[in-house]
Amino acid sequence: MKRDNAEVLIIRKEQELSLMRSMVQRACKEIGMSVLNQTKLITAASELARNMLLYARGGKMTLTILPKSGKRVVQLIFEDKGPGMADAEKAMQKGYSSRVNGLGLGLPGTKRLVDYFSLETKVGEGTTVIIEKS
């Protein structure tokens, strides 16, 4: 996979989410993504970035446009060094939330919005989520 066009954004504050959304939208337009799919990817990215702020006090997003199966896709990697998840399988279940007032829609909802979703987490080391959309 070609990654020489990767852009990295450090996300430490809520205010940086608008810059993140602009970066994602620009990449979506660059590959000619439909407005519906742009909205889905930006929504998914916003959820993951908010999770980084809420649970890990920030992290970084790496944006790359990749060739894949004859198409171009926008790949977003969200990495944090937070507490990680004790039970990632449970976190992917609709309705489960580790927060008292959480709806439990974030991660499973994010997965439904994208073409590719990968979650790696380790307690005490952090979490990495990779999503892609064409």
Side-chain angles (χ1 to χ4, degrees):
M1 285 189 215
K2 186 179 176 185
R3 292 183 187 259
D4 60 354
N5 63 355
E7 296 178 69
V8 175
L9 176 66
I10 303 298
I11 300 172
R12 298 259 183 249
K13 301 178 208 163
E14 184 86 22
Q15 295 85 350
E16 290 159 337
L17 297 183
S18 62
L19 176 58
M20 182 221 50
R21 286 190 280 270
S22 296
M23 288 173 63
V24 174
Q25 185 174 33
R26 181 177 31 81
C28 291
K29 288 181 178 178
E30 186 177 326
I31 69 166
M33 187 183 293
S34 72
V35 173
L36 176 61
N37 283 345
Q38 288 180 38
T39 302
K40 288 179 177 180
L41 186 59
I42 291 168
T43 301
S46 295
E47 179 65 26
L48 296 174
R50 277 200 190 91
N51 281 352
M52 284 194 322
L53 289 172
L54 186 62
Y55 296 105
R57 298 185 179 174
K60 72 176 182 179
M61 179 196 75
T62 303
L63 182 157
T64 310
I65 295 175
L66 300 171
K68 194 169 191 179
S69 302
K71 298 185 282 187
R72 291 171 58 187
V73 303
V74 176
Q75 180 188 69
L76 304 174
I77 302 173
F78 292 86
E79 299 172 88
D80 69 60
K81 301 291 182 199
M85 296 176 215
D87 191 342
E89 197 171 302
K90 199 171 186 178
M92 291 303 300
Q93 293 176 358
K94 185 178 175 185
Y96 171 79
S97 178
S98 61
R99 292 187 308 148
V100 174
N101 295 322
L103 298 174
L105 301 173
L107 287 175
T110 297
K111 185 176 181 179
R112 283 193 305 275
L113 293 172
V114 297
D115 301 330
Y116 175 82
F117 180 96
S118 169
L119 168 70
E120 290 185 28
T121 186
K122 209 167 201 177
V123 173
E125 294 184 24
T127 300
T128 299
V129 178
I130 302 172
I131 59 174
E132 294 177 355
K133 190 84 178 161
S134 60

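All figures in this text were calculated on a predicted structure; none of them were measured in a lab.
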Taking the side chain as C-beta and beyond, is there a heavy-atom pair between [X] and [Y] under 4.5 Å?
X    : Y    : result
M23  : M61  : yes
E47  : T43  : no
E132 : S118 : no
E30  : R72  : yes
D115 : V73  : no
T64  : I77  : no

[X] (side chain) donor-acceptor with [Y] (main chain) under 3.5 angstrom:
X    : Y    : value
Q38  : M33  : yes
S134 : K71  : no
N5   : I65  : yes
K133 : L113 : yes
E16  : R12  : yes

Look at atom CD of E7 and say whether more than 12 heavy atoms of other residues, nucleotides or ligands are closer to it than 6.0 Å.
->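 More than 12 within 6.0 Å, yes.
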
Counting heavy atoms not belonging to R57, are there more than 12 under 6.0 Å from its CZ?
->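 No, because the 6.0 Å sphere around CZ of R57 holds 12 heavy atoms or fewer from other groups.
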
